[in-house]
Amino acid sequence: MKSRLIVASAFLFSGLFAPSLFGQATNPPYIAEMPPVDKVMKAMQTGDPDETAARQMAAFTQLKTMIEDMSGPRQYQRGGLTPDETKMRQAYYTAYYNISQLKPQYKPFTAMRGLDISGTFRTQLIQQLFPPGFAAEYAKVMAQSKQQSAAVHQQAVQIGEAKAKADQEEAQKLANEMQKKMAANSALQPPQDPETRAMYRCVAAGRLPAVCMGNGIMGSLMGNTNGLLSSMVPDVVGKEVTGPQMAGAFAGSGEWRLEFDEASVTLTCLGMNATSHAYTIAIVNNRPIITITTSPKNVVLSLNGDTLTGPGPVVVDGTVSAGMRDGTDYAGKPATIYQYREVTRTCPAPNLSSKGAGLGITGAEKNMLEGMFSGGKTGPPTPPGLRMNGTYAAGSGFSVEFHPESAILGCGPEAARAYPYQVVADGRQTAVKVNAPNHPLTLALMPNNTLDPGAGQYLVEGRRITGKDANDDFTFAPLNATCALAALSPGPVPSGGGQMTGVVPASASLPAAAPGNAVLAVRAALADPAAGTTVLLLNDSVETLLKNSGFQPAAGSSLLKSFANCPRNNANCQKGTVAVYQHVVAAVKAGPNAPASFSGVKPGTYYVMAGLVNNGKNYLWNTRVDLKAGANSVTLDANDAAPIDH
């Protein structure tokens, strides 16, 4: 239905305007009766030069608007106007522009003295400049054009409302499914479907759950929307790339303001309306050069710290508000019609700073997801300036996934952690510095858009989701892996690679216990676990887990002793390590001169795994505890410990 209406509008006028009205064939036919520029110029002359200029500029503005009005819904389509309509419309605008440049006082839209939005003046133009039969036929065209526009608009509204409702329902459905998959205590392995798995990894890495959820939902619902828009309007919507991009707002004198949002930027200066443009970034001599697609020429800027500068003055095309007039909306109801006038401004040389410019644009998906899922919580702010976009990966399994506010360092498909980062391009080097507290990482950005992290091994201190606590917040257990550093190229998160490391590293973040009303105090008969010692609560026996995993003990050694002493980069040892990881319910660190204590645990059967040194000997416990509601305690006695010395 919609396509038939739009196609019909292209031929609307051939049946309304009689062929005898036209001196030559045009498409649509009414264009042949639009008055030429010289005829308008002469007809609008008066004895006062300023009055003449006002009438001429207003006449050209009115005639240009008439073409747009008569085109109906086609005016809102890319390439919707016919070549004849476009040519005549441009001729009127050019004539208007030339007059506006004759004197400074002609440049403001107020120089037209309100005639550009006067219905009476338009009627006079039709009577003075068009054939006698035009007025009646014009009224018919406008009536049908309004009906057609109203039909298309109503259809668009219905489609939009239906899609918005479907999107909201689908978003809520996806959110519920993702929440269930991520929060289920039994789902100790990440889910297998790609969307939920990516969100699982994002949350476990430490990003705001609402942001992760929104990224997944928007990706499912919108797909490659940016790619489609950038191909349709490449000057307006930028193409997403893996590599450097800009973020934040920058402002300066001359009413300059730029707001970067992903691959596009809105620009305004000297009172023009803010309009969207595509932009690109090139690194020249270790300095970022930003080129914004504008007319008549591109705006080229260099970034130095928090400042954007460029040569000037800069000539920029745009629009300004041109008042408003009474009219009707697409449904034919009375409405205020806001008008805009095309202008060209000569703006001063850009010298813009992010300081004091405000936050600028935030992604649409972040607004949506925070409103739906996070109760107003916000993650770390995005620093203004140079950022990175996309995912880079190496054959070793190491990867870096860039987001506006953080970079996720990964080893293999699961171990991942998000950290703040900054992009440095100071004339000496171009690099990404990831601020991981225990082991910061510098990635050199190479000319071929690869990242060089240097050589060596890198420990990613990741986590896995174990469930949710009483406050409905996710709980985590450590999930660490070591990867060899290697050159990173644009590509997806690796599906393999890396080596699992120690059971629970001292530096790892420890999870809270599963929700419940049992409390467990863990003491040792030999000595309380030393401050900083990690105590694990498992939902199965360590020996059972090792047997089921296929872990093989060394000849003449027990399972526990072999597991405690085998090297963590050994394939056999990794089997046992992964098995234990998957069954950690909670982990705590013992405090000084105090027992390790688990609180809020669900009643049931568990196993305490802990190790300590006493009189120069190493011990490992795998002690069963049956927890009931309320207070519980267990003493780790030497008689039920496994000596694990070599």
Side-chain angles (χ1 to χ4, degrees), residues 188-189 415 459 464 466 477-482 498-508 510-511 513 520-590 595-596 598 601 604-627 632-646:
L188 297 176
Q189 287 280 16
L459 172 66
R464 66 174 178 83
T466 59
L479 180 61
N480 299 351
T482 298
Q499 295 181 339
M500 302 294 291
T501 57
V503 178
V504 183
S507 59
L510 298 174
L520 173 64
V522 180
R523 305 193 69 95
L526 302 177
D528 283 339
T533 297
T534 299
V535 181
L536 301 181
L537 193 64
L538 308 177
N539 60 11
D540 206 343
S541 165
V542 177
E543 290 183 306
T544 300
L545 297 176
L546 293 175
K547 289 178 182 178
N548 292 341
S549 72
F551 175 80
Q552 297 297 317
S557 179
S558 68
L559 280 170
L560 292 180
K561 184 175 181 179
S562 295
F563 177 62
N565 291 308
C566 72
R568 291 303 184 239
N569 60 358
N570 177 277
N572 179 50
C573 187
Q574 288 179 16
K575 291 180 183 179
T577 301
V578 172
V580 172
Y581 263 78
Q582 293 174 349
H583 290 266
V584 175
V585 174
V588 297
K589 288 184 179 180
F598 296 94
V601 184
T605 298
Y606 300 92
Y607 288 80
V608 174
M609 179 178 175
L612 61 81
V613 179
N614 187 69
N615 294 327
K617 292 185 179 182
N618 295 300
Y619 294 89
L620 179 66
W621 277 270
N622 175 38
T623 303
R624 173 172 170 159
V625 290
D626 295 306
L627 300 186
N632 299 263
S633 64
V634 63
T635 299
L636 304 180
D637 190 279
N639 293 327
D640 61 352
I644 57 175
D645 292 313
H646 291 284

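Index from 1, following the sequence. Source: prediction; values computed, not measured.
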Min side-chain heavy-atom separation [X]-[Y] under 4.5 Å:
X: F598; Y: V535; answer: yes
X: L520; Y: Y606; answer: no
X: L537; Y: V608; answer: yes
X: V585; Y: L538; answer: no
X: M609; Y: V584; answer: no

Check [X] against [Y] and note the closest heavy-atom contact, atom names and distance.
X: Y607; Y: D540; result: CD1-C, 3.3 Å
X: A415; Y: N480; result: CB-C, 4.4 Å
X: V580; Y: F563; result: CG2-CZ, 4.1 Å
X: H583; Y: R464; result: N-NH2, 4.1 Å
X: A554; Y: S562; result: N-OG, 2.9 Å

For N622, what residues pass the side-chain hydrogen bond (donor to acceptor under 3.5 Å, both in side chains) criterion, not counting sequence neighbours?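 So N622 forms a side-chain hydrogen bond (donor to acceptor under 3.5 Å, both in side chains) with S541.
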Once side-chain hydrogen bond (donor to acceptor under 3.5 Å, both in side chains) is applied, do any residues pair with S633, and if so which ones, sequence neighbours excluded?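 S633 satisfies side-chain hydrogen bond (donor to acceptor under 3.5 Å, both in side chains) with no residue once adjacent residues are dropped.
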Can you pull the side-chain hydrogen bond (donor to acceptor under 3.5 Å, both in side chains) pairs that have at least one residue in residues 543-553, sequence neighbours excluded?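 Those involving residues 543-553 do not exist here.
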Could you check F551 against L559 for side-chain contact (heavy atoms from CB on, under 4.5 Å), going step by step and ending with a plain yes or no? CA-CA 8 Å; F551 175 80; L559 280 170; 3.7 Å; yes
Among V601, T605, V634, find the residue that satisfies the side chain to side chain contact (heavy atoms under 4.5 Å, CB included) test when tested with L627.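 Looking at V601, T605, V634, the match for L627 under the side chain to side chain contact (heavy atoms under 4.5 Å, CB included) is V601.
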From N632 CG over to D626 CG, what is the distance, rounded to the nearest 0.5 angstrom?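 Reported value, rounded in 0.5 Å steps: 9.5 Å.
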